[in-house]
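See below for the structure under consideration.
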Number of protein chains: 2
Amino acid sequence: MSTSKKLPLNSILQGDCIELMNSLPEKSVDMIFADPPYNMQLSGELRRPDDSHVDAVDDHWDQFESFAVYDAFTEEWLAAAQRVLKDDGTLWVIGSYHNIFRVGAKLQDLGFWILNDVIWRKTNPMPNFRGTRFTNAHETLIWCSKDRNAKGMTFNYDALKVMNDDIQMRSDWLLPICSGGERLKVDGEKAHTTQKPEALLYRILTAATNQGDVVLDPFFGSGTTGAVARKLGRNYIGLEREEKYIKVAKERIRKVQPLSPENLEVTTSKRQEPRVPFGSVVERGLLSAGQVLFDSRKRYRARVRADGSLVASDISGSIHKVGARLQGASSCNGWTFWHFDAEGQSVSIDVLRQQVRAEMN
Amino acid sequence: MSTSKKLPLNSILQGDCIELMNSLPEKSVDMIFADPPYNMQLSGELRRPDDSHVDAVDDHWDQFESFAVYDAFTEEWLAAAQRVLKDDGTLWVIGSYHNIFRVGAKLQDLGFWILNDVIWRKTNPMPNFRGTRFTNAHETLIWCSKDRNAKGMTFNYDALKVMNDDIQMRSDWLLPICSGGERLKVDGEKAHTTQKPEALLYRILTAATNQGDVVLDPFFGSGTTGAVARKLGRNYIGLEREEKYIKVAKERIRKVQPLSPENLEVTTSKRQEPRVPFGSVVERGLLSAGQVLFDSRKRYRARVRADGSLVASDISGSIHKVGARLQGASSCNGWTFWHFDAEGQSVSIDVLRQQVRAEMN
DNA sequence: GCAGCCTGTGAATCAGATT
DNA sequence: CAATCTGATTCACAGGCTG
């Protein structure tokens, strides 16, 4: 092994990531963040209800002939990543259901040892326009060590805990997608179809690296990993095939102002009061389908159905909608409007919401 | 194929789930919920799929072999599940990072088509005591159809939207783990180590099945699937190897009070309402040939012809086609687009459709 | 200046029946 | 079986414009 070879710190190498990784000295990087192509298999075009066109990810780099071809590619880059990783280093991979199961299985096969899977919950995902699925509101990250017996991996437990208002950081992270001013544009068009938000990399690098560590990103794209690494005082190595992305990334990273070491303290995340849908009150059995609700003056009555909708004569819908329709109002807060009978007492359904909220904390 | 064979509805069959599934008629169940074992690598020790312990000294049973055996087991039960599933049926599988990537890859290999992956976020997960990882606060579900070209799968989109206060249901679900009174005990000890909460199955069955559907659970355990199926008016078939779990499950399900059919009615989609051709509106004299229609902002006009087609300058065709062509849109819902004049009021032609539908009942 | 309205958009495996 | 036709369908933000 030639660890004497100098690492190309804080630069972007152009070319095939597998060849490039194999040209780097083995056991030389502290962490790898990889955002490989997802191999989405889209068929037709998709339009929003207003007939506008959805700009899908149809880049040539996301096209693979078959699962077999994708798997072979995955195995190659993972093996190269394993070689270049220090024994106490870790690998992060992000993906969606299109590819993440294949990537996860393959990295287990190669001997990587999964430490956590982490869910990035998007605050503002693209909705499902045709009403045929659940909103695809998350992506999955896998965090793993080089092998089962690896020791000494960096995990800044306390920094993460502080970041999370002194509560142990969970495996589900709520973060917005990359939009607004952060989204890089070239001639008014997005510079990269799948630019990741800096907040995501901020949390990953804070959790799993230390100042001065070397972070390798084999699918560098628009350079989010490099930008955040520079900001946080980590060294990056970016690998990228496409000239146009490298150009964008270089300019982007150049503009980043590194934080001074004493300012590398973390910002606290805002915690939002969780919204409680009425359906979850029914789902959890706090009220059951068939039960009758009424308003405080008992002028209106409605029956609860299994899906959390209410029925009153020929009207059905959510607690809010039915409350509004019965009163002839344009809106209604169903939580305070509706009551149920508890041993002869009329009780607002809002107490059930508080009960659910209590369970959520 | 012997579809004449009677299904053992609402019962638990004891034995190996693969053999039992293969003994059932093919294409006979509407939905499968599977919570397969993932006991092979917990706490760092290796276990076979039958839960027997591997002594690392005499058994040259390495990690690779462990995965290979688990994969073979996974492939077998998934293939059996695919056979017994109706063409428009769906499969749900739940797992953690220990097994879900292997299961997901294998089901893709078998041709299942993923519709969503869904994250069960736990309100009250077990904290990570050693502080070396993120709190493992979620499990992953995969929802898939039998193959890529499957059609007609049940998804009660509107019911789930109501359940979620009129906002489309997302792929991340926040639900408590099974505890308290719901947790089954035998002699003061947990009856089953991985008993799933009823709220989870409630949401799954509400989303992906209809009343009277047949739900198969090949890893029945303490019978959560059966209990919720009975409550929601679905038929269940449970497969389970262990006598002790069957006993617990039977007693549990016996106590469940099924909801009455009227409370099980759920918010339905407009797509399920009978189709009314525009021609029949004209035919019945609700509109007459020669009448003029216009859009809500009165930018476009068209004339009704005797056959129910519209004419606008040089364009003619259905209400949808003419609406689309006039706007330069790729499609248009003519029912909501066009209006007619009723005593000075602009009225949507959709009210005429509703009138026809009412007459049809 | 500000509140309110309108427009644009994001890693998407996004229909089903009839001819 | 393929092409055609009917007609159902969106949430959270950011940014710009209007009154």
Side-chain angles (χ1 to χ4, degrees), chain A residues 35-59 61-64 67 94-100 120 122-140 176-183 185 188-190 192-197 219 221, chain B residues 88 108 112-117 143-145 147-153 155 157-158 161 164-171 268-279 308 317-321 323-324 329-338 349-350 353:
Chain A
D35 181 12
Y38 289 6
N39 186 27
M40 299 204 303
Q41 297 164 53
L42 305 177
S43 40
E45 67 154 19
L46 180 63
R47 286 172 179 274
R48 299 186 179 81
D50 65 2
D51 204 48
S52 64
H53 180 259
V54 174
D55 187 15
V57 176
D58 53 2
D59 305 82
W61 46 256
D62 198 49
Q63 314 291 326
F64 292 82
F67 279 141
I94 185 167
S96 67
Y97 67 84
H98 310 86
N99 71 322
I100 198 64
W120 167 28
K122 303 178 183 183
T123 55
N124 48 348
M126 184 154 68
N128 183 291
F129 298 118
R130 306 294 292 265
T132 54
R133 309 279 172 91
F134 299 100
T135 309
N136 209 332
H138 73 275
E139 294 191 22
T140 299
I177 61 174
C178 178
S179 67
E182 189 186 327
R183 188 91 199 195
K185 300 276 170 85
E189 304 227 317
K190 51 188 174 191
H192 194 283
T193 49
T194 69
Q195 185 183 343
K196 294 290 174 287
F219 306 98
Chain B
D88 60 356
Q108 285 182 310
F112 283 102
W113 190 250
I114 298 179
L115 301 170
N116 277 114
D117 60 337
W143 178 42
C144 53
S145 62
D147 65 63
R148 181 173 189 165
N149 302 313
K151 284 181 164 49
M153 296 81 72
F155 179 51
Y157 174 80
D158 296 272
K161 191 170 173 178
N164 196 36
D165 280 3
D166 293 327
I167 293 167
Q168 173 175 105
M169 187 71 83
R170 296 168 41 117
S171 58
T268 54
S269 148
K270 283 189 192 168
R271 281 187 260 252
Q272 287 170 22
E273 288 179 43
R275 199 179 71 83
V276 174
F278 180 67
S318 69
I319 51 173
H320 314 296
K321 207 182 231 171
S330 64
S331 70
C332 167
N333 183 343
W335 291 108
T336 52
F337 182 75
W338 293 110
I349 62 171
D350 204 38
R353 178 167 65 162

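We name chains A, B, ... by the order of the sequence lines, and we start the count at 1 in each one. The analysis underlying the following values was restricted to heavy atoms, covering all of them including side chains, and did not include hydrogens, waters or symmetry mates.
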Watson-Crick or G-U pairs under 3.5 Å in DNA chain D, rendered as dot-bracket with [ ] for crossing pairs and | for another strand: .|||||....|||||||||

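- A:D51 pairs by the side chain to side chain donor-acceptor pair (under 3.5 Å) definition with B:S330, not counting sequence neighbours.
- The residue A:K196 sits close to a base: some heavy atom pair falls under 4.0 Å.
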Under 3.5 Å between N/O atoms: give me all the protein pairs with nucleotides 5-9 of chain C, atom names plus distance.
none

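- Contacts of B:R353 with the nucleic acid, taken as non-hydrogen atoms under 4.0 Å apart, involve only primed sugar atoms and P, OP1 or OP2.
- To the nearest whole angstrom, the two P atoms, one in C:dT19 and one in D:dG7, are 12 Å apart.
- For the C1' atoms, the distance linking C:dC14 with C:dG10 amounts to 15 Å, nearest Å.
- In this structure, B:S331 reaches the bases: a heavy-atom distance under 4.0 Å links it to at least one base atom across the strands shown.
- Partners of B:K321 by side chain to side chain donor-acceptor pair (under 3.5 Å), not counting sequence neighbours: none found.
- Separating the P atom of C:dT13 from that of D:dT4 is a span of 28 Å, rounded to the nearest Å.
- Judged as a side chain to side chain donor-acceptor pair (under 3.5 Å), and not counting sequence neighbours, A:N124 has no contacts.
- Comparing the P positions of D:dA8 and C:dT9 gives an interatomic distance of 27 Å, to the nearest angstrom.
- When heavy atoms are screened at a 4.0 angstrom cut-off, B:C332 is found touching base atoms of the nucleic acid.
- Note: B:C144 SG to B:Q108 CD = 9.0 Å, rounded to the nearest 0.5 Å.
- Remark: B:K161 engages no residue in a salt bridge (Lys or Arg N to Asp or Glu O under 4.0 Å) (not counting sequence neighbours).
- Each of A:N124 and B:D158 was assigned the nucleotide of DNA chain D with the nearest heavy atom; the assignment lying further toward the 5' end belongs to B:D158.
- Of all nucleotides in DNA chain D having an atom under 4.0 Å from a heavy atom of chain A, the first and last in 5' to 3' order are D:dG7 to D:dG15.
- Summarising the geometry of B:W335 relative to B:P277, their closest heavy-atom pair is CZ2-C, 4.1 Å, with the distance given to 0.1 Å.
- Glycosidic conformation of D:dT9: anti, with the torsion beyond 90° of 0.
- Comparing the C1' positions of C:dA12 and D:dT9 gives an interatomic distance of 14 Å, to the nearest angstrom.
- Not a single ring-ring contact (aromatic ring centres under 6.0 Å, His included) links A:F129 to another residue, sequence neighbours left out.
- As judged by a 4.0 angstrom heavy-atom cut-off over every strand, A:R183 is placed among residues touching the sugar-phosphate backbone only.
- Between the C1' atoms of C:dA11 and D:dG15, the separation comes to 23 Å (whole Å).
- Residue A:P125 is in base contact, counting any heavy-atom pair closer than 4.0 Å across all strands shown.
- Listed by chain and residue number, A:F134, B:W92, B:F155 satisfy the ring-ring contact (aromatic ring centres under 6.0 Å, His included) test with B:W143 (two or more places apart in sequence, or in another chain).
- Annotation for A:N99 and A:P36: closest pair ND2-CG, 4.2 Å, computed over non-hydrogen atoms.
- You'll find the side chain of B:F337 stays beyond 4.5 Å of the side chain of B:D350, heavy atoms only.
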Go through the steps for B:H320 and B:S318 under the test side-chain hydrogen bond (donor to acceptor under 3.5 Å, both in side chains), then give the verdict. CA-CA 5 Å; B:H320 314 296; B:S318 69; 5.3 Å; no

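- A:W120 is listed as a side-chain neighbour of A:P197, based on a closest heavy-atom distance under 4.5 Å.
- A:H192 and A:R183 get closest at one heavy-atom pair: O-NH2, 2.7 Å.
- The side chain to side chain donor-acceptor pair (under 3.5 Å) search around B:D117 returns A:H138, not counting sequence neighbours.
- Not counting sequence neighbours, A:E182 has no partner by the salt bridge (Lys or Arg N to Asp or Glu O under 4.0 Å) test.
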Produce a footprint string for nucleotides 12-19 of chain C: one letter per nucleotide, 5' end first; B if the base is under 4.0 Å from any protein heavy atom, S if only the sugar-phosphate is, - if neither. BBBB----

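- Among the protein residues, A:P197 comes within range of no part of the nucleic acid, since none of its heavy atoms lies under 4.0 Å from any strand.
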